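The next block holds one structure in the form of structure tokens; read it before the comments.
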Amino acid sequence: MDSALARRSVRGMSFQEDVAVYDHSRWTGYLLQRLLPGCTRIVSGRADTVEDILSCLGPGCSFFIFHIDLTSARERPLARADLCAELSLRGVRVLNAGVEDISKRSLQRKCAEIGLPTTAAQRVGPPEELLIVKTNLNYGGIPERVAGYATAPGPTAEPMEYPVVSRRGLDPDTWDHPDLVVERFISDEQDRLFRCAVLGHRRAWFRFISAERVKRVPSDTSLMVAEETVPDAARLAVNAFISSHGCDFGAFDVLVSDEHAYIIDFNSTPVWGDGDLGPLALLSDGLRSSKR
């Protein structure tokens, strides 16, 4: 094993030692770290080869999870497709193999491709229609800047500030800004935002109610709800996206309006912090129950 990569591979214990996580994040406080504290973590490096990574796996490795806190994960590692192919030949199930781009444009394009409602806005439309301006990169591109991949995204550098304006009031230059995305502003009459956390075949649903225009679900297990209480449209939209695009781990944010469900965000490296997992800990059963 390459000595540098060996120092970055931390072998876990229990059934979770059969789970390898190829990680590019701070790790501590991320949901996957909280769910699988006994996994084998392999810290991602830009120069990692397929052989380097394979040498870090234990003989009983059954699952390999990409956990890359970047909007584009195509180059982590550079030979990503070759790695996935080799893992498949070894009988290792790869999670998030197809999750390579979680940008806002990519998310809405993928929704449209499979016939799901999309928030993508058109330049021409009703002057008073409300629009929301977002950064195309996840979390305002902060992970990219920290990793040295990208510069600041421009006028809305603060990722938590998404302006909501009418089409009439929108600066025309915003439409052509490469780092910004204009979407239709979707609102739920009941002020709800749904989140679905996914690991393997398991789902955990949250419902957050807030009068704030731009809602963000806090990490709080008290917001968990039974799946059968979630609108059918929301559950069907998430299941369709997962089936079509291979999202095996992460968190979806969904708004429901006029019985239509809109996936407004997907995060492949959700953060939880040090709060109590409570029943959310059962999400790891999505791997345990399917372990070979």
Side-chain angles (χ1 to χ4, degrees), residues 16 19 21-23 25-39 41 63-71 73 93-99 102 104 107 110-111 116 138-139 143 188 192-210 215-256 261-291:
Q16 294 182 8
V19 181
V21 176
Y22 188 64
D23 176 56
S25 74
R26 298 185 310 276
W27 189 239
T28 300
Y30 281 71
L31 180 57
L32 194 61
Q33 178 259 342
R34 297 294 309 283
L35 291 171
L36 302 173
C39 72
R41 179 193 179 210
F63 300 96
F64 185 97
I65 307 176
F66 284 103
H67 188 256
I68 310 297
D69 189 10
L70 294 169
T71 305
R93 180 182 171 190
V94 182
L95 280 72
N96 279 5
V99 179
I102 61 170
K104 303 298 190 297
L107 175 66
K110 289 175 179 177
C111 285
L116 292 177
N138 189 45
Y139 201 66
D188 180 336
R192 304 168 300 178
L193 175 63
F194 294 94
R195 172 164 293 177
C196 181
V198 177
L199 179 56
H201 66 270
R202 292 294 298 266
R203 312 278 192 271
W205 282 92
F206 300 77
R207 180 177 60 228
F208 179 55
I209 298 177
S210 170
K215 301 174 177 57
R216 293 180 175 86
V217 183
S219 299
D220 186 347
T221 53
S222 70
L223 300 173
M224 288 182 64
V225 293
E227 186 167 356
E228 57 268 23
T229 68
V230 177
D232 290 343
R235 291 188 286 108
L236 291 172
V238 168
N239 288 338
F241 196 97
I242 290 172
S243 297
S244 298
H245 299 297
C247 302
D248 305 295
F249 172 73
F252 292 87
D253 285 349
V254 186
L255 283 169
V256 178
Y262 298 83
I263 298 176
I264 61 170
D265 191 37
F266 172 67
N267 189 346
S268 58
T269 55
V271 173
W272 188 263
D274 57 4
D276 182 24
L277 283 179
L280 183 59
L282 297 177
L283 201 64
S284 64
D285 287 347
L287 297 185
R288 186 195 303 269
S289 59
S290 60
K291 182 178 182 296

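Bear in mind that the values here come from a model prediction, so they are computed numbers and not experimental data. Atom set for the values below is all heavy atoms of this structure, side chains included, hydrogens, waters and symmetry mates excluded.
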Q | Nearest non-hydrogen partners of Pro231 and Phe194, listed with the distance | A | CD-CZ, 3.4 Å
Q.
Within this structure, what is the CG-CG distance for the pair Asp265 and Asn138, rounded to the nearest 0.5 Å?
A. 6.0 Å
Q) Where do Asp248 and Val94 come nearest, in terms of heavy atoms and distance? A) OD2-O, 3.8 Å
(Q) Given 3.5 Å as the limit, does a donor-acceptor pair link the side chain of Arg235 with the main chain of Glu227, or not? (A) yes
**Q.** Least distance between heavy atoms, Cys39 atom then Val21 atom
**A.** SG-CG2, 3.7 Å
Q. Taking all atoms of both residues into account, what is the closest heavy-atom pair of Arg192 and Leu255, and its distance?
A. O-CD2, 3.3 Å
Q | Between CG on residue Leu36 and NE2 on residue His67, distance to nearest 0.5 Å | A | 9.5 Å
**Q.** Main-chain N/O of Ala240 paired to Ser243 side chain as donor or acceptor, under 3.5 Å
**A.** no
Q: Please test Leu287 against Ile65 for side chain to side chain contact (heavy atoms under 4.5 Å, CB included), starting from the C-alpha separation and ending with a verdict.
A: CA-CA 11 Å; Leu287 297 185; Ile65 307 176; 4.1 Å; yes
**Q.** Any donor-acceptor N/O pair, Asn96 side chain to Phe249 backbone, under 3.5 Å
**A.** yes
Q.
If I take atom CZ from residue Phe241 and atom NZ from residue Lys110, how far apart are they, to the nearest 0.5 angstrom?
A. 5.5 Å
**Q.** Interatomic distance, Leu277 atom CG to Thr221 atom OG1 [nearest 0.5 angstrom]
**A.** 8.0 Å
Q) If you look at every heavy atom in Val238 and Cys196, which pair is closest and at what distance? A) CG1-SG, 4.0 Å
Q: Would you name the heavy atoms of Ser25 and Tyr30 that are closest together and state the gap between them?
A: CB-CZ, 3.7 Å
**Q.** Arg41 side chain vs Gln33 backbone, donor-acceptor pair below 3.5 Å
**A.** no
Q.
Checking Arg207 now: which residues fulfil salt bridge (Lys or Arg N to Asp or Glu O under 4.0 Å) with it, not counting sequence neighbours?
A. none
Q) In chain order, what residues pass the salt bridge (Lys or Arg N to Asp or Glu O under 4.0 Å) check against Asp69, with sequence neighbours excluded? A) none
